[in-house]
Each structure stands twice: as C-alpha cells, then as structure tokens.
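As a basis for the values below, the full set of heavy atoms in this structure was taken, side chains included, without hydrogen atoms, waters or symmetry mates. Being a predicted model, the structure only gives us computed values, none of them experimental. By convention in this document, chain letters (A, B, ...) are assigned in the order of the sequence lines, proteins followed by strands, and residues within each chain are numbered from 1.
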Amino acid sequence: MPRSRKIFLQQIYQKLLKKFGPQFWWPAPTRFEVIIGAILTQNTNWANVEKALTVLKDKRLLSPQALYKITPRQLASCIKPAGYFNVKAKRIKNFIRFLFEVHEGKIEKMRQEKPENLRSQLLCVNGIGAETADSILLYALDKPFFVVDAYTKRILSRHGIISPDADYATIQQLFMTSLRKNLKVFNEYHALIVRCAKEYCKKKPLCEGCPLEDLSKTL
DNA sequence: GACCAGGCACATC
DNA sequence: GATGTGCATGGT
C-alpha cells in the first residue's frame with residue numbers, strides 16, 4: 001500500500017475524532033446483548049433495534065439459555081420492531097445453536113478461542129456475514145478486527161481512497177495495516193465513520209461541510 | 001408516499 | 001463471478 005494512503009487513514013481518524021469526539025458505541029451491559037444487537041441491526045436503524053432488545057429484556061429472554069428454548073416463531077414476534085423479523089429470528093437461533101454446540105453456550109468459552117479461528121467459526125453460521133462477525137468480534141468480544149460497512153465504503157470511495165467496487169477484505173486490510181492493532185481505535189474509528197457519513201455523506205455528489213473535505217486534495 | 005437504515009443468503013444468468 | 005431479489009419495521 002502506498003505510504004500516503006496509510007498516513008491518510010490516520011489523518012482521517014484524527015480529523016473525525018477532533019470534529020465529533022468519542023462516540024461511545026455499544027456500551028451494552030453484557031457481551032451477549034451486543035451480539036444479539038449486532039444481528040438485529042443488519043440493514044436496520046439502531047433505534048428500531050433498541051426497541052426489539054427492550055422487548056427481549058422485558059420478557060427475560062436476553063440470555064443464551066432463554067433464546068435456546070424459544071421457538072423461531074416466538075422469537076420473531078418479539079423482535080418485530082427491528083424489521084426482517086423472520087430472517088433475524090432464524091439467524092439468532094443459528095448463532096445460539098452454534099454457541100451451545102461449539103462453546104457450551106458460554107460467551108467466555110467462546111472468547112478463549114483464537115481470534116482468527118473464532119472469526120472463521122462465526123462466518124460459518126448462516127446469517128452472520130463479514131460485517132456482523134467483525135462487529136461481534138470487536139464490540140462484544142474485544143478482538144481487534146476492523147468493521148467495514150456501507151458507510152465506510154461510501155466515505156472512502158467518495159474521497160478517492162478506494163474504488164467503489166473494492167471488496168470487504170480489501171478495505172478491512174487497508175485499515176488493519178494502516179493502524180495500530182488497538183481496540184479503542186478500531187472501535188472509535190468505525191463509529192466515527194458512521195457518524196460522519198450520516199451527517200455529511202448522504203447527498204451526492206459532495207458532502208458540504210464534511211471534515212474530510214480538504215483531505216482528498218492532498219492525496 | 002418515497003426513501004433510508006450499523007446485511008445476508010440465495011437464485012439466476 | 002457478477003448481478004438481482006427477498007426480507008419488514010419505523011423515522012424523516
């Protein structure tokens with residue numbers, strides 16, 4: 001990778017942090033809740049996810065044991081506010097089944113797995129793709145994997161750092177080889193990208209007032 | 001009423 | 001292997 005691109009990614013982080021400050025993403029009370037949230041938030045507004053999580057909490061269903069017992073149909077009816085409730089119910093059940101079959105139903109057991117192995121295992125669960133796997137690894141399990149999403153792609157391609165058709169692994173590598181392997185930075189950086197894209201990167205062709213505006217000129 | 005939101009798997013060509 | 005499509009609610 002060109003050295004300039006590396007520095008560029010580091011500069012973007014500093015700019016975003018300066019502009020928006022820390023984002024405090026995912027301060028959920030349990031790792032398990034973060035994981036379920038990661039599945040529920042697929043292609044969905046976070047506010048809707050919180051509603052679904054509240055229902056699960058109120059019904060005392062937000063535990064591996066409880067979700068193991070519940071039927072997909074019952075689960076679907078609880079998570080309706082998050083949208084795609086039938087698919088997501090299946091996906092959550094798939095994850096729970098994996099958790100019990102491979103890690104005795106225990107998150108802490110799962111955390112003992114070697115990070116690379118764990119990522120492969122998660123990707124084998126039907127319904128968990130690269131982004132959801134990395135969100136789980138980073139935000140729930142404290143494993144340093146950079147999360148790439150639609151916003152990340154949009155911002156980077158808009159500022160000419162990647163081509164619009166760059167794939168997930170390529171973009172992830174870009175970040176992971178440019179930055180220290182640091183949980184806090186990975187966590188914050190992804191959240192900052194989402195924040196920036198939401199506020200400034202919606203309108204085509206250019207995002208007026210975006211803190212990254214001037215950077216692309218220096219590339 | 002259209003559009004969007006912190007994706008993914010599957011069908012089809 | 002690329003491209004298209006279904007899944008669904010709630011806020012703007």
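In this structure, A/Arg97 does not pair ionically with A/Glu101, as no charged nitrogen and carboxylate oxygen lie closer than 4.0 Å.
Between A/Glu199 atom CD and B/dG6 atom P there is a gap of 12 Å when expressed in whole angstrom units. Look at CG on A/Asn94: it is 12 Å from C1' on B/dC8, rounded to the nearest Å.
When the nucleotides B/dG7, C/dA8, B/dG6 are ranked by their closest atom to the side chain of A/Arg91, B/dG7 comes out on top.
A distance cut-off of 5.5 Å between ring centres, combined with a plane angle under 30°, places A/Trp46 in a stacking arrangement with the base of B/dG6. For A/Trp25 and B/dG6, the ring-to-base geometry satisfies the stacking test (centroid distance below 5.5 Å, interplanar angle below 30°).
The side chain of A/Tyr168 contributes no N or O atom lying less than 4.0 Å from OP1 or OP2 of B/dG7. Look at A/Asn86 and you'll find a side-chain N or O under 4.0 angstrom from OP1 or OP2 of C/dA8.
The environment of CZ in A/Phe100 is crowded: more than 12 heavy-atom neighbours from other residues, nucleotides or ligands sit within 6.0 Å.
Residue-level contact check: A/Asp149 touches the backbone only, with heavy atoms under 4.0 Å from sugar-phosphate atoms and none from bases. At a threshold of 4.0 angstrom between heavy atoms, the contacts of A/Ala130 are confined to the sugar-phosphate backbone, with no base atom among them. No contact: A/Ile39 has no heavy atom under 4.0 Å from any strand. Using a 4.0 Å heavy-atom distance criterion, A/Lys88 is classed as making no nucleic acid contact.
Aromatic ring centres of A/Trp46 and A/Trp26: separated by under 6.0 Å.
Across the interface with DNA chain B, nearest-nucleotide mapping of A/Asn43 and A/Asn126 shows A/Asn43 to be the residue nearer the 5′ end.
The structure places CG of A/Asn126 at 15.0 Å from NZ of A/Lys93, a figure rounded to the nearest 0.5 Å.
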